Amino acid sequence: MKTTLVAIVLLTSSTLLAQSLDQPPATEAPGMLGAKRTPYFVDPSAFDLSLILPLPPAQDSATAKEELAYVHRVEQTRTPEQIAAAQADDREEDLFIFAKVIGPKFTKDDLPLTAALSAHVHNDEAVMSEPLKGIYKRLRPYNYDGSLHPVCKTDKEFSYPSGHSVSGYLLAFTMAQIVPEKRERILERANDYAHNRVVCGVHYPSDTEASRRMAYAIFGSMMANSRFNKDLAAARAETRAHLGLPSVP
């Protein structure tokens with residue numbers, strides 16, 4: 001299916017592949033958590049995402065101060081309902097964050113091929129985003145300012161870019177290929193998912209904006225991968241049959 005989204009991501013991917021640089025260091029950078037992951041749909045050596053990301057604002061810059069003030073305002077005004085939604089999103093990083101958009105029948109227990117695709121997409125988010133955290137080494141808001149009160153899981157991992165947000169956008173782009181009829185609502189949900197990282201008190205807005213930029217590039221490379229297209233086609237057929245939707249070309 002030819003969509004504006006696909007055109008954008010493929011154009012971005014082509015540009016990055018033409019500018020192929022060395023793979024980021026394979027060893028964990030300070031502030032990264034967990035073991036090194038194995039790429040599934042992506043080839044980290046094919047392009048350097050740092051080429052398309054601006055540097056995060058310097059901690060003593062006016063922009064950083066404005067962002068920190070914004071995180072404080074969000075903390076002061078967030079409602080119990082917003083906190084609960086942000087905490088739920090903190091716990092879940094898979095295609096099924098779109099269940100409220102797609103419908104109650106969209107569950108991982110009923111869709112094993114779709115769940116497997118989701119897990120691989122999420123894995124590749126970490127493959128691509130974790131090395132960048134070690135490059136930029138931006139402290140999370142609460143690790144810089146102890147007066148903040150985050151309401152989600154905390155750690156010493158660096159803040160820029162937001163891995164959660166990269167995952168959310170990649171999953172949204174994937175979901176939009178499976179159920180294109182709900183593309184707009186899926187992308188809106190991805191924006192809310194990213195903003196909930198700020199509601200949690202664990203990221204700055206520029207962290208999530210960097211994640212959105214990254215996701216376009218990463219998804220472009222996925223769309224050029226035959227394994228991804230095969231798994232996407234299988235998940236699309238499985239999900240649409242389960243939901244009673246007609247097949248798409």
Side-chain angles (χ1 to χ4, degrees), residues 1 3 5-6 9 33-35 37-42 81-130 151-153 162-197 199-200 202 208 211-212 214-215 218-219 221-223 225-248:
M1 183 185 61
T3 66
L5 171 62
V6 174
V9 296
L33 303 178
R37 294 173 183 259
T38 301
Y40 197 82
F41 297 131
V42 297
E81 292 76 17
Q82 289 173 326
I83 291 173
Q87 290 173 334
D89 282 350
D90 183 55
R91 293 188 293 268
E92 185 168 18
E93 292 182 83
D94 55 40
L95 280 171
F96 302 95
I97 62 174
F98 300 104
K100 289 185 178 179
V101 174
I102 304 303
K105 291 181 67 177
F106 185 62
T107 63
K108 64 180 68 178
D109 289 341
D110 293 325
L111 300 166
L113 297 178
T114 304
L117 173 65
S118 174
H120 293 314
V121 171
H122 174 50
N123 170 79
D124 282 358
E125 166 271 307
V127 167
M128 302 304 289
S129 65
E130 285 182 353
V151 292
C152 299
K153 182 181 67 177
S162 163
H164 247 80
S165 300
V166 176
S167 189
Y169 283 116
L170 286 176
L171 293 167
F173 300 157
T174 302
M175 195 73 244
Q177 295 298 309
I178 295 174
V179 187
E181 300 94 323
K182 297 190 176 183
R183 182 184 302 110
E184 293 303 317
R185 289 185 61 198
I186 290 168
L187 296 179
E188 288 173 3
R189 172 71 174 105
N191 287 333
D192 289 340
Y193 188 83
H195 178 66
N196 275 342
R197 304 308 289 156
V199 175
C200 277
V202 299
T208 62
S211 300
R212 186 181 65 82
M214 280 180 58
I218 297 169
F219 194 70
S221 71
M222 287 181 173
M223 289 293 289
N225 180 281
S226 59
R227 175 190 266 185
F228 176 75
N229 281 289
K230 179 181 178 181
D231 290 0
L232 174 63
R236 181 190 294 123
E238 176 187 65
T239 295
R240 294 187 71 83
H242 182 67
L243 297 177
L245 297 173
S247 61
V248 293

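When reading the values below, keep in mind they use all heavy atoms of this one structure, side chains included, and skip hydrogens, waters and symmetry mates. From a predicted model like this one, the values you see are computed outputs, not experimental measurements.
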Student check: side-chain heavy atoms of E238 and P112 closer than 4.5 Å
yes

Closest heavy-atom pair and its distance - E93, Y193
CG-OH, 3.2 Å

Give the minimum heavy-atom separation between A190 and A172, together with the two atoms involved.
CB-CB, 3.5 Å

Could you check if a side-chain atom of L171 sits within less than 4.5 angstrom of a side-chain atom of I186, using non-hydrogen atoms only?
no

Do F173 and L187 touch side chain to side chain, with heavy atoms closer than 4.5 Å?
yes

What is the minimum heavy-atom distance between S129 and G163, and which atoms define it?
OG-CA, 4.0 Å

Donor-acceptor pair, side chain of N123 and main chain of R37, under 3.5 angstrom
no

Between Y40 and R227, does the side-chain contact (heavy atoms from CB on, under 4.5 Å) criterion hold? Intermediate values first, please.
CA-CA 9 Å; Y40 197 82; R227 175 190 266 185; 3.2 Å; yes

Heavy-atom pair of closest approach, residues Y169 and A215
CB-CB, 3.5 Å

Roughly how far apart are R189 CZ and N196 CG, rounded to 0.5 Å?
7.0 Å

Out of curiosity, N191 CG to R212 CZ, how far, rounded to the nearest 0.5 Å?
8.0 Å

Side-chain donor/acceptor of K153 to backbone N/O of D90, under 3.5 Å
no

Where do V199 and A86 come nearest, in terms of heavy atoms and distance?
CG1-CB, 3.8 Å

Test your reading of the model: is there a side-chain donor-acceptor pair from H164 to the backbone of D89, 3.5 Å cut-off?
yes

Set of residues satisfying ring pair (Phe, Tyr, Trp, His ring centres under 6.0 Å) with respect to F41, sequence neighbours excluded:
H120, F228

Return the OG to CD1 distance between S167 and I97, rounded to the nearest 0.5 Å.
7.0 Å

Check: V151 main-chain N/O paired with Q87 side-chain donor or acceptor under 3.5 Å:
yes

Can you list everything that forms a ring pair (Phe, Tyr, Trp, His ring centres under 6.0 Å) with F106? Sequence neighbours excluded, please.
F96

Rounding to 0.5 Å, atoms CD (E181) and CD1 (I102) come to a distance of 8.5 Å

Would you say the side chain of M222 lies within less than 4.5 Å of the side chain of V42, judging by non-hydrogen atoms?
yes

D110 side chain reached by K105 side chain, heavy atoms, under 4.5 Å
no

Report yes or no: does R240 contribute a side-chain atom to a donor-acceptor pair with the main-chain N or O of I178 at less than 3.5 Å?
yes

Can you check whether M223's main-chain N or O pairs, donor with acceptor, with N229's side chain at less than 3.5 Å?
yes

Nearest non-hydrogen partners of S162 and S211, listed with the distance
O-OG, 2.7 Å

So, does T174 use its side chain to make a donor-acceptor pair with the main chain of L170 at under 3.5 Å?
yes

Any non-hydrogen side-chain atom of V179 less than 4.5 Å from a side-chain atom of M175?
yes

Distance (rounded to the nearest 0.5 Å) between D231 CG and L113 CG
8.5 Å

